[in-house]
Amino acid sequence: MSISSEHKPLRKQVTGSLHTLSPIVELNVGGEMYTTTLSTLKKHPGSKLAEMFTGQPKLRTDSEGRFFIDRPGTYFKYILEYLRSNQVPTQCIQDVYKEALFYDIEPLIKQLEDSPQLFGELVARKQFLARVPNYSENIELMIRIARAEAVASRHSGVIVCVVKTEEDAARCQDALSSLDMDKKSVVKFGPWKAAPSISDLLDCIQMDVEAKGYKIAFQPHVAEKGFRFKSHDFFYKFLFTWW
């Protein structure tokens, strides 16, 4: 991608090659303006950010001649602060992490992954959920069922069956046979081999559905009289609220 020649910048930062670029660089990152040095941007030679300012021009400029990067500008200040002083951000960790991945700044990526916020998410929770069969697919299935039942309704409910052990999975399947509802509408989670409990998994389900923008709550599902097992042994109802 070449630098746009349609504008006459007020501050000409580059001619034909970035070898002639001014040591002071002005940036427009998603509408946020920054001024820094070329050496700061190229501090980590293997990064995508350094590559943007190495060799032939790869960025367009805005109407003022500032190099334009089409990324969220709000979080670039944390990237820039790290490049300037090696200061690892302590706020907006998830968003800064996404930007660090985009700019491919490996030292920052590793330090963020070691932070308590990301360590818990990436190492503890994500590793647990990786041991729950079809977890992500089941989250999407829950949302599809809820949306299908939302026509002209304020709420829609989804029944889930959560089992931790193979033994409970067999009992759950037996219980489903006596459950008076369409079995295809019951979303089954588990079994899994990891320390977290059923309560932990229910919290994860709520967290991940809410992260997609839905308002949701859950409670034990109370089955009709005559149900073969105590329904709260396995079954829970997730209630989506639409308005």
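Model, not experiment: these values are computed from the prediction.
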Q) Quick one: are Ile105 and Pro107 in side-chain contact, heavy atoms under 4.5 Å? A) yes
Q) Is there side-chain contact between Ile216 and Leu239, with at least one heavy-atom pair below 4.5 Å? A) no
Q: With sequence neighbours excluded, tell me which residues meet ring-ring contact (aromatic ring centres under 6.0 Å, His included) with Tyr97.
A: none
Q. If you measure from NZ on Lys42 to OG on Ser39, what distance do you get to the nearest 0.5 Å?
A. 9.0 Å
Q: Identify whether Tyr103 and Leu118 are in the same connected component of the hydrophobic contact network (ILVMFWY, side-chain heavy atoms under 4.5 Å).
A: yes
Q. Should Glu99 and Lys77 be marked as a salt bridge (charged side-chain N to carboxylate O under 4.0 Å, His left out) after you check the CA-CA gap, both sets of side-chain angles, and the distance that decides it?
A. CA-CA 11 Å; Glu99 297 309 296; Lys77 64 182 178 182; over 6 Å; no
Q) What heavy-atom pair brings Leu201 and Phe189 nearest, and what distance separates the two atoms? A) CD2-CB, 3.7 Å
(Q) Between Asn134 and Asn138 (side chain of the first, backbone of the second, donor and acceptor by atom type, cut-off under 3.5 Å), is there such a pair? (A) no
Q) Checking side-chain contact (heavy atoms from CB on, under 4.5 Å) for the pair Phe53/Leu59: CA distance, chi angles, key distance, verdict? A) CA-CA 8 Å; Phe53 295 91; Leu59 297 170; 3.5 Å; yes
Q.
Could you report the tightest heavy-atom contact between Glu113 and Leu122, atom names first, then the distance?
A. CG-CD1, 3.7 Å
Q.
Can you tell me if Asp70 has over 12 outside heavy atoms packed within less than 6.0 Å of its CG?
A. no
Q.
Testing the 3.5 Å rule here: is there a donor-acceptor pair between the side chains of Asp95 and Tyr78?
A. no
Q. So, for Pro89 and Leu112, which heavy atoms are closest and what is the spacing to 0.1 Å?
A. CG-CD2, 4.0 Å
Q) Does any non-hydrogen side-chain atom of Tyr34 lie less than 4.5 Å from one of Leu80? A) yes
Q: Would you verify whether the NZ or CZ of Lys48 falls within 45 degrees of the ring axis of Phe102 while also being under 6.0 Å from that six-membered ring's centre?
A: yes
Q: Could you tell me whether the side chain of Met33 reaches within less than 4.5 Å of the side chain of Glu26, counting heavy atoms only?
A: no
Q) Are Glu166 and Arg171 within salt-bridge range, i.e. N to O under 4.0 Å? A) no
Q) Partners of Phe128 by ring-ring contact (aromatic ring centres under 6.0 Å, His included), sequence neighbours excluded? A) Trp192
Q) Considering all heavy atoms of both residues, which atom of Ile93 and which atom of Ser115 are nearest to each other, and what is their separation? A) CG2-OG, 3.9 Å
Q) Can you tell if the side chain of Val25 reaches within under 4.5 Å of the side chain of Phe67, non-hydrogen atoms only? A) yes
Q: Verify side-chain contact (heavy atoms from CB on, under 4.5 Å) between Glu106 and His44, making sure each step is shown before the conclusion.
A: CA-CA 8 Å; Glu106 283 294 336; His44 297 284; over 6 Å; no
Q: Identify whether Trp243 and Tyr214 are in the same connected component of the hydrophobic contact network (ILVMFWY, side-chain heavy atoms under 4.5 Å).
A: yes
**Q.** Test item: Thr54 side-chain N/O and Ala50 main-chain N/O as donor-acceptor pair under 3.5 Å
**A.** yes
Q. Which pairs pass disulfide bond (SG atoms under 2.5 Å apart) with one or both residues in residues 70-169, sequence neighbours excluded?
A. Cys161-Cys172
Q. Does the side chain of Thr37 come within less than 4.5 Å of Leu41's, by heavy atoms?
A. no
Q: Could you tell me whether a side-chain N or O of Thr74 sits under 3.5 Å from a main-chain N or O of Pro72, the two making a donor and an acceptor?
A: no
Q | Polar side-chain atom of Gln219 near backbone of Lys237 as donor-acceptor pair, under 3.5 Å | A | no
Q: Please report the C-alpha distance between Thr36 and Ile24 in whole Å, then the side-chain angles of each, then the deciding distance to 0.1 Å, and finally whether the side-chain contact (heavy atoms from CB on, under 4.5 Å) criterion is met.
A: CA-CA 6 Å; Thr36 186; Ile24 306 301; over 6 Å; no
(Q) For a quick test of reading the model, state the closest non-hydrogen atom pair linking Ser185 to Ile145 and the distance between them. (A) O-CD1, 3.8 Å
Q: Could you verify whether a donor N or O on one side chain and an acceptor N or O on the other, from Ser85 and Glu81, lie under 3.5 Å apart?
A: yes
Q: Give the intermediate values and the outcome of side-chain contact (heavy atoms from CB on, under 4.5 Å) for residues Lys212 and Ile139.
A: CA-CA 10 Å; Lys212 295 178 180 294; Ile139 293 291; 3.9 Å; yes
**Q.** Check ion pair Arg125-Asp203 (N to O, under 4.0 angstrom)
**A.** no
Q.
Please verify the inter-ring angle class for Phe218 with Tyr236; under 30° counts as parallel, over 60° as perpendicular, anything in between as tilted.
A. perpendicular
Q: Evaluate whether atom CZ of Arg147 has more than 12 neighbouring non-hydrogen atoms of other residues, nucleotides or ligands under 6.0 angstrom away.
A: no
Q: Establish whether Leu141 and Val132 are linked, either directly or via other cluster members, by ILVMFWY side-chain heavy-atom contacts under 4.5 Å.
A: yes
Q.
Check whether Lys188 reaches the backbone of Val163 with its side chain - one donor and one acceptor, N or O, closer than 3.5 Å.
A. no
Q.
With no hydrogens and no angle check, just 3.5 Å: does a side-chain donor-acceptor pair link Trp242 and Ser156?
A. yes
Q.
Taking Leu101 as the starting point, is it possible to reach Leu49 by hopping between hydrophobic residues whose side chains are less than 4.5 Å apart?
A. yes
Q. Hey, is CD on Glu137 packed in by over 12 heavy atoms from elsewhere, all under 6.0 Å?
A. yes
Q: May I ask you to test the Lys164-Lys193 pair for a side-chain heavy-atom distance under 4.5 Å?
A: no
Q | Where Arg84 and Thr35 come nearest, the two heavy atoms and their spacing | A | NH2-O, 2.9 Å
Q) Are any of the side-chain nitrogens in Lys215 or Glu210 under 4.0 Å away from the carboxylate oxygens of its partner? A) no
Q. When you look at NZ of Lys43, are more than 12 heavy atoms from neighbouring residues, nucleotides or ligands closer to it than 6.0 Å?
A. yes
Q) Do Met142 and Phe238 come close enough that some side-chain heavy atom pair is under 4.5 Å? A) yes
